[in-house]
Trainee: 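Mind having a look at this structure? Questions to follow.
Here is how names work: the chains are called A, B, and so on, in the same order as the sequence lines, proteins then strands, and each is numbered from 1.
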Protein chains: 2
Amino acid sequence: MSLKHTILVLLESESGTGYDIAKKFQGSLGNFWSASHQQIYHELGKLDKDGLVTWKQVPQEGKPDKKVYEITASGIEELRNWMHSPIPSQKVRDHLMVRMVATHLVDPMVLHEQLGEIMARCDKKLTTLKQFEATFFDMIGGKTLQSEMIYLSLKRGIELQESWLRWAEEVQATLEKYRDA
Amino acid sequence: MSLKHTILVLLESESGTGYDIAKKFQGSLGNFWSASHQQIYHELGKLDKDGLVTWKQVPQEGKPDKKVYEITASGIEELRNWMHSPIPSQKVRDHLMVRMVATHLVDPMVLHEQLGEIMARCDKKLTTLKQFEATFFDMIGGKTLQSEMIYLSLKRGIELQESWLRWAEEVQATLEKYRDA
DNA sequence: ATACGCATGTAAACAGTTACATGATTAA
DNA sequence: TTAATCATGTAACTGTTTACATGCGTAT
């Protein structure tokens, strides 16, 4: 389980509300981790109970009050310990791959179409990532360990999407060979 | 949720026990989906209750009895419907990427070492996949839609591991630049 | 002796999704 | 007036992991 640690990492770099955290999962970090707002609020409650974060009620005009969460010294300690623990092998859940094995049950063009939809999503994400990459070092100014690490994770996201697209095209071509066969 | 469908796909291609299914998750399919034996038995129970699979008790000598599960007509129908439903975007949970963003909290060489461990795992998996790929079409004899799809998923697994390794080396090199800095 | 492979399960805890619920402001 | 953005939550359900539990055969 690491939603806990993901939230701590985000709060370590910048304090914010549950809503702010949810938005970050929709951005570039969303390529590697995500969570619904319900889950985030729930997790923030637990982190608060465990003393890893604190919060301040901030009244606003024209908007609902907000709870700005901040990481505590104990939270940073927890993060440091976590960083030293072994990295668990990631669990993959690839729906598409499971379908690949069962394509013979339906018209191959069904999968062809579904691939098309996924590729469109993928293309869109790729555009966003590339735009972000192009201005990355200008934006944050100067190379540091931290910025280079974030840059490398961004590059990884781009490579993943690109290799995905190349592969999907190959699958589509193969499916076309078997059309009406 | 698709453990349900993954199990149905496996049983559609070949009847077998919960134990057999668990083994398949440790093989090439394990690159795209996995589940513990506890979860598999639980899911088989539900599939049975819903009439999507049936089973026969098979006594064995020197080994415990086994329950051989078989997909039903209703199970195949369920699979077909599932194949026509839209593919959900996959949820990624990449622990390593989260750590990348927080490297500045610890000695960079900690991550360097952890990457080394992951790369070793990755190398091992790659070797297995490549061996399987080399003899794939000889083994199953002849190209069909189904065999080509399985082959493409195998190739995808190989590409993923390879791109992963290339990227990890780059991260390690970057971490070395910042050693003692 | 010890461990590994075969074979199946229960129970408790934890993680994550979906549905429901509220309510103000602002832009099309 | 319809939808989006800001902002927070509860409740029920489903999915997943971890711990516990059994027991024979075979190989080292």
Trainee: Taking only N/O atoms, report every protein-nucleotides 13-15 of chain D pair under 3.5 Å with atom names and distance.
Mentor:
| residue | atom | partner | partner atom | Å |
| --- | --- | --- | --- | --- |
| D/dG15 | OP2 | B/K46 | NZ | 3.2 |

Trainee: Excluding sequence neighbours, so at least two apart, what forms side-chain contact (heavy atoms from CB on, under 4.5 Å) with B/T103?
Mentor: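 If we apply the side-chain contact (heavy atoms from CB on, under 4.5 Å) test to B/T103, skipping adjacent residues, the hits are A/L145, A/M149, B/L111, B/L175.
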Trainee: Can you tell me how far apart CG (B/D65) and NZ (B/K56) are? Round to the nearest 0.5 Å.
Mentor: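 Interatomic distance, B/D65 CG to B/K56 NZ, rounded to 0.5 Å: 15.0 Å.
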Trainee: Using side-chain heavy atoms (C-beta onward) and a distance below 4.5 Å, is A/M119 in contact with A/L165?
Mentor: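 Answer yes - side chains close enough.
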Trainee: Is the shortest side-chain N to carboxylate O distance from B/K177 to A/E148 below 4.0 Å?
Mentor: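 Yes, this pair counts.
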Trainee: Do B/L152 and A/T174 have side chains that get closer than 4.5 Å, going by heavy atoms?
Mentor: yes
Trainee: To the nearest 0.5 angstrom, please state how far the NZ atom of B/K91 sits from the CZ atom of A/R93.
Mentor: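 Those atoms lie 13.5 Å apart.
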Trainee: For nucleotides 2-4 of chain D, give me every protein contact, N/O to N/O, under 3.5 Å, one pair per line with atom names.
Mentor:
none

Trainee: Listed in order of residue number, which residues of residues 13-34 of chain B have a non-hydrogen atom at under 4.0 Å from DNA chain D?
Mentor: none
Trainee: Specify the residues of residues 57-66 of chain B, ordered by number, for which at least one heavy atom lies under 4.0 angstrom from an atom of DNA chain C.
Mentor: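 Residues of residues 57-66 of chain B under 4.0 Å from DNA chain C: B/Q60, B/K63, B/P64, B/D65, B/K66.
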Trainee: If I take atom CG from residue A/L96 and atom CG from residue A/L115, how far apart are they, to the nearest 0.5 angstrom?
Mentor: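 If we round to the nearest 0.5 Å, A/L96:CG and A/L115:CG are 5.5 Å apart.
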Trainee: Tell me the side chain to side chain donor-acceptor pair (under 3.5 Å) pairs involving residues 108-121 of chain B, sequence neighbours left out?
Mentor: B/R99-B/Q114, B/H112-B/E176
Trainee: Chain B on DNA chain C: first and last contacting nucleotide, 5' to 3', under 4.0 Å to a heavy atom?
Mentor: C/dG5 to C/dT17
Trainee: If you round to the nearest 0.5 Å, how far is CD of B/Q161 from OG1 of B/T127?
Mentor: 10.0 Å
Trainee: Estimate the overall bend of the helix from C/dA1-D/dT28 to C/dA28-D/dT1 from the end axes over five pairs each, rounded to 10 degrees.
Mentor: 40°
Trainee: Looking at every strand, decide which applies to A/H42 at a 4.0 Å heavy-atom threshold: base, sugar-phosphate, or nothing.
Mentor: nothing
Trainee: Just verifying a value: how many Å separate A/K143 NZ and A/Q146 CD, rounded to the nearest 0.5 Å?
Mentor: 15.5 Å
Trainee: Can you tell me which residue pairs pass the ring-ring contact (aromatic ring centres under 6.0 Å, His included) test with a partner in residues 152-177 of chain B, sequence neighbours excluded?
Mentor: B/W164-B/W167
Trainee: Regarding B/R166 and A/E159, does a basic nitrogen lie under 4.0 Å from an acidic carboxylate oxygen?
Mentor: no
Trainee: Side-chain atoms of residues 3-27 of chain A: list all donor-acceptor pairs with protein atoms under 3.5 Å, sequence neighbours left out, distances to 0.1 Å.
Mentor:
| residue | atom | partner | partner atom | Å |
| --- | --- | --- | --- | --- |
| A/H5 | ND1 | A/W82 | NE1 | 3.4 |
| A/H5 | NE2 | A/E78 | OE2 | 2.9 |
| A/T6 | OG1 | A/S2 | O | 2.7 |
| A/E12 | OE1 | B/H104 | NE2 | 3.0 |
| A/S13 | OG | A/L10 | O | 3.3 |
| A/E14 | OE1 | A/K24 | NZ | 3.3 |
| A/T17 | OG1 | A/Y19 | N | 3.3 |
| A/T17 | OG1 | A/D20 | N | 3.0 |
| A/T17 | OG1 | A/D20 | OD2 | 3.2 |
| A/D20 | OD2 | A/T17 | N | 2.9 |

Trainee: What distance do A/I87 atom CD1 and B/M97 atom CE have between them, rounded to the nearest 0.5 Å?
Mentor: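 Answer for the CD1-CE pair, A/I87 versus B/M97, is 10.0 Å.
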Trainee: Could you list all the side chain to side chain donor-acceptor pair (under 3.5 Å) pairs where at least one residue sits in residues 129-138 of chain B, not counting sequence neighbours?
Mentor: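 Qualifying pairs: B/K130-B/E162, B/E133-B/Y151.
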Trainee: Rounded to the nearest angstrom, tell me the gap between atom CD in B/Q38 and atom P in D/dT22.
Mentor: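 Rounded to the whole Å, the gap is 16 Å.
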Trainee: Taking atom CZ of B/F136 as the centre, report whether more than 12 heavy atoms of other residues, nucleotides or ligands fall under 6.0 Å from it.
Mentor: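 Count over threshold, so yes.
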Trainee: What side-chain donor-acceptor pairs closer than 3.5 Å can you find for residues 31-50 of chain A, not counting sequence neighbours?
Mentor:
| residue | atom | partner | partner atom | Å |
| --- | --- | --- | --- | --- |
| A/N31 | ND2 | A/S28 | O | 2.9 |
| A/S36 | OG | A/Q39 | N | 3.4 |
| A/D48 | OD2 | A/W55 | NE1 | 3.2 |

